[in-house]
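As the structure is a prediction and not an experimental result, all values here were calculated from the model.
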Amino acid sequence: MARTARTRRRGTATAALVAGAVTAFLMAGCTTDDRPSDDGRGRTHSRSQEPDHRDSPAPGSAGPVLAVKIDNVRAARPQTGLDAADLVYAEQVEGGLSRLMAVYATRLPQAVGPVRSARESDLELLRQFDEPTLAFSGAQGKLLPLIDRAPLNAESPESAASGAYYRGTDKAAPHNLYLRPQRLIGAAPGADALTTGFRYGVAPEGGTPEKSRTVRFPSARFTFTWSADRNGWLVSMDGTPTVTTDGVRVAAATVVVQYVKVRESRFHDVLGNNSPYTQSVGSGRAQVLRDGRAFDAEWRRGSATEGTDFTTADGTPVNFAKGQVWVVFAQA
């Protein structure tokens, strides 16, 4: 669908929601537990209506990337379509828990989810892409106008085309909302849409042998274990191997531990917990894991419209390995 049509639909849907359902969205705000809350809306589909979860290749169209907010509490696992993402960001949310943003450019899985709500810091992170499509279940009521004004195509269940979202039967709400990506964007835009600033190629010299790395949030943790057989880092979350609903063990070719400022935002969840703001513009230290080694790096992102550069201490760009990249935003 054309950008003008998307903008018109998004603006109309958001205006109606803000005018007539602010209370519902506030009650649907982000919580720190597994209770149905921020995305308990939508119809429930029977299992026979759920799509095949196998990947479906789609030709590049030079359109925008698709970014999907993915639930990451225990009740939401196993997730669907996570292995098909080109890039996965892990960010801290209320109560020290974690949430994922999966970015799709080179291929689209048949389904992705569970889909969950957006955060303010997502808007800054997504500015690096050219009018990306953001798939999310909803947001805190006062955040909705900011999402509406952001240079992106915001697609919630209320605004998306019919059939793009569906409710699964294998999990309880709100952990059962899924997206059919092809009904939202049609085709994968291709690698050129990944304007992240990342460089790919041979590994830099040096580095330290690394078998496993764990990154801890206050109430969550990510562990990446090197597998020579998979030529990648096997992902585990909260001590459990990350396996998709198709039984695929998720493995990243490159893992970036990016140390950033995590501060309080202007928004709170329904329980009064502040929503953390992950600041992805600026500079700091990082570690890049690839090929079974860890490389010390520095990161720099000059503005929200720029990608992020990773360099060694002498300014040499740090190349990533070809394949899926995970970026974990750790507290500086």
Residue set satisfying side-chain hydrogen bond (donor to acceptor under 3.5 Å, both in side chains) with R293, at least two apart, ordered chain then number -> none
Value for CZ (F217) from CE (M237), rounded to nearest 0.5 Å, stands at 11.0 Å
* Any side-chain heavy-atom pair from F129 and V103 closer than 4.5 angstrom? -> yes
Handout entry: Hydrophobic cluster identity match, V327 and V281, side-chain contacts under 4.5 Å
Key = no
Sorted by chain and residue number, the side-chain hydrogen bond (donor to acceptor under 3.5 Å, both in side chains) partners of Q258 (sequence neighbours excluded) come out as none
T208 meets the side chain to side chain contact (heavy atoms under 4.5 Å, CB included) criterion, sequence neighbours left out, with none
Item to check | Main-chain N/O of G95 paired to S219 side chain as donor or acceptor, under 3.5 Å | outcome: yes
All heavy atoms of F295 vs all of G206, minimum pair found to be CE2-O, 3.3 Å
Hits for side chain to side chain contact (heavy atoms under 4.5 Å, CB included) against T225, two or more places apart or cross-chain, chain-then-number order -> S212, T223
dist Y259:OH -> Q331:CD (nearest 0.5 Å) comes out at 11.0 Å
Quick check: do S98 and N72 have side-chain heavy atoms less than 4.5 Å from each other? yes
When you check the side-chain N and O atoms of R301 and S280, is any donor under 3.5 Å from an acceptor? yes
In short, salt bridge (Lys or Arg N to Asp or Glu O under 4.0 Å) pairs touching residues 309-324 with sequence neighbours left out are none
Ring pair (Phe, Tyr, Trp, His ring centres under 6.0 Å) pairs touching residues 72-97, sequence neighbours excluded, are Y89-F329
**Prompt:** Would you say the side chain of L82 lies within less than 4.5 Å of the side chain of V88, judging by non-hydrogen atoms?
**Reply:** yes
Tightest non-hydrogen contact, residues K171 and Y178, listed as NZ-OH, 3.1 Å
Minimal heavy-atom distance between D291 and W226, with the atoms involved, is CA-CH2, 3.5 Å
Side chains of P64 and T133, heavy atoms from C-beta outward: is any pair under 4.5 Å? yes
**Prompt:** So if you build clusters from Ile, Leu, Val, Met, Phe, Trp, Tyr with side-chain heavy-atom gaps below 4.5 Å, do L125 and L146 land together?
**Reply:** yes
Residues passing the side chain to side chain contact (heavy atoms under 4.5 Å, CB included) test with A253, sequence neighbours excluded, are A321
Would you call R167 and L177 a side-chain contact if the rule is heavy atoms closer than 4.5 Å?
yes
Exercise. Go through the steps to decide whether K261 and T278 satisfy the test side chain to side chain contact (heavy atoms under 4.5 Å, CB included), and finish with yes or no.
Key: CA-CA 6 Å; K261 293 180 181 178; T278 298; over 6 Å; no
Around atom CZ of R249, are there more than 12 heavy atoms of other residues, nucleotides or ligands at under 6.0 Å? yes
Regarding T80 and T245, do their side chains bring together a donor and an acceptor under 3.5 Å, going by distance alone? yes
Sequence neighbours excluded, the answer for salt bridge (charged side-chain N to carboxylate O under 4.0 Å, His left out) partners of R77 is D238
For K211 and W233 the tightest heavy-atom approach is O-CZ3, 4.1 Å
query = In the single-linkage hydrophobic clustering (I, L, V, M, F, W, Y; side-chain heavy atoms under 4.5 Å), do V243 and F224 co-cluster?
reply = no
Are V256 and V328 close enough, and set up right, to give a side chain to side chain contact (heavy atoms under 4.5 Å, CB included), and what steps lead you there?
-> CA-CA 6 Å; V256 179; V328 182; over 6 Å; no
Tell me whether R116 contacts the main-chain N or O of A76 through its side chain, where contact means a donor paired with an acceptor under 3.5 Å. no
Exam field: side chain S236 to backbone G239, donor-acceptor pair closer than 3.5 Å
no
Main-chain N/O of T316 paired to T312 side chain as donor or acceptor, under 3.5 Å: yes
**F310 and F320 aromatic centres sub-6.0 Å** = yes
Taken to the nearest 0.5 Å, the spacing of E120 CD from L143 CG works out to 6.5 Å
Verify side chain to side chain contact (heavy atoms under 4.5 Å, CB included) between T254 and V288, making sure each step is shown before the conclusion. CA-CA 7 Å; T254 304; V288 176; 3.8 Å; yes
Atom pairs and distances, side-chain donor-acceptor, residues 192-205, under 3.5 Å, sequence neighbours left out:
| unit_1 | atom_1 | unit_2 | atom_2 | d |
| --- | --- | --- | --- | --- |
| T195 | OG1 | Q128 | O | 2.6 |
| T196 | OG1 | F198 | N | 3.2 |

Rounded to the nearest 0.5 angstrom, the NE2-OG distance for H175 and S137 is 11.0 Å
CD of Q92 to CG of L97, rounded to nearest 0.5 Å, is 8.5 Å
For A251 and L234, the nearest pair of non-hydrogen atoms, with its separation, is CB-CD2, 3.9 Å
Problem - Within-4.5 Å side-chain heavy-atom neighbours: V112 and Q79 - result: no
Q: State whether the side chain of E155 and the backbone N or O of F136 hold a donor-acceptor pair below 3.5 Å, judged by distance alone.
A: no
Those residues at least two apart in sequence (or on a different chain) that pass side-chain hydrogen bond (donor to acceptor under 3.5 Å, both in side chains) with Y104 are none
Point to revise | Salt-bridge contact R99-E94 (side-chain N to carboxylate O under 4.0 Å) | key: no
| Lys/Arg N to Asp/Glu carboxylate O, R285 vs D296, below 4.0 Å | no
Report yes or no: is the cationic atom of R263 (NZ for Lys, CZ for Arg) under 6.0 Å from the centre of the six-membered ring of Y277, at an angle within 45° of the ring normal?
yes
Handout entry: Check against side chain to side chain contact (heavy atoms under 4.5 Å, CB included), S121 and Q279
Key = CA-CA 7 Å; S121 51; Q279 190 169 316; over 6 Å; no
Between L179 and A135 the two heavy atoms that sit nearest each other are CD2-CB, 3.6 Å
Exercise: do S117 and R119 side chains pair donor with acceptor under 3.5 Å: yes
The salt bridge (charged side-chain N to carboxylate O under 4.0 Å, His left out) partners of E124 (sequence neighbours excluded) come to none
dist L123:CG -> L152:CG (nearest 0.5 Å) comes out at 6.5 Å
Residues at least two apart in sequence or cross-chain that pass side-chain hydrogen bond (donor to acceptor under 3.5 Å, both in side chains) with W326, listed by chain then number, are Q324
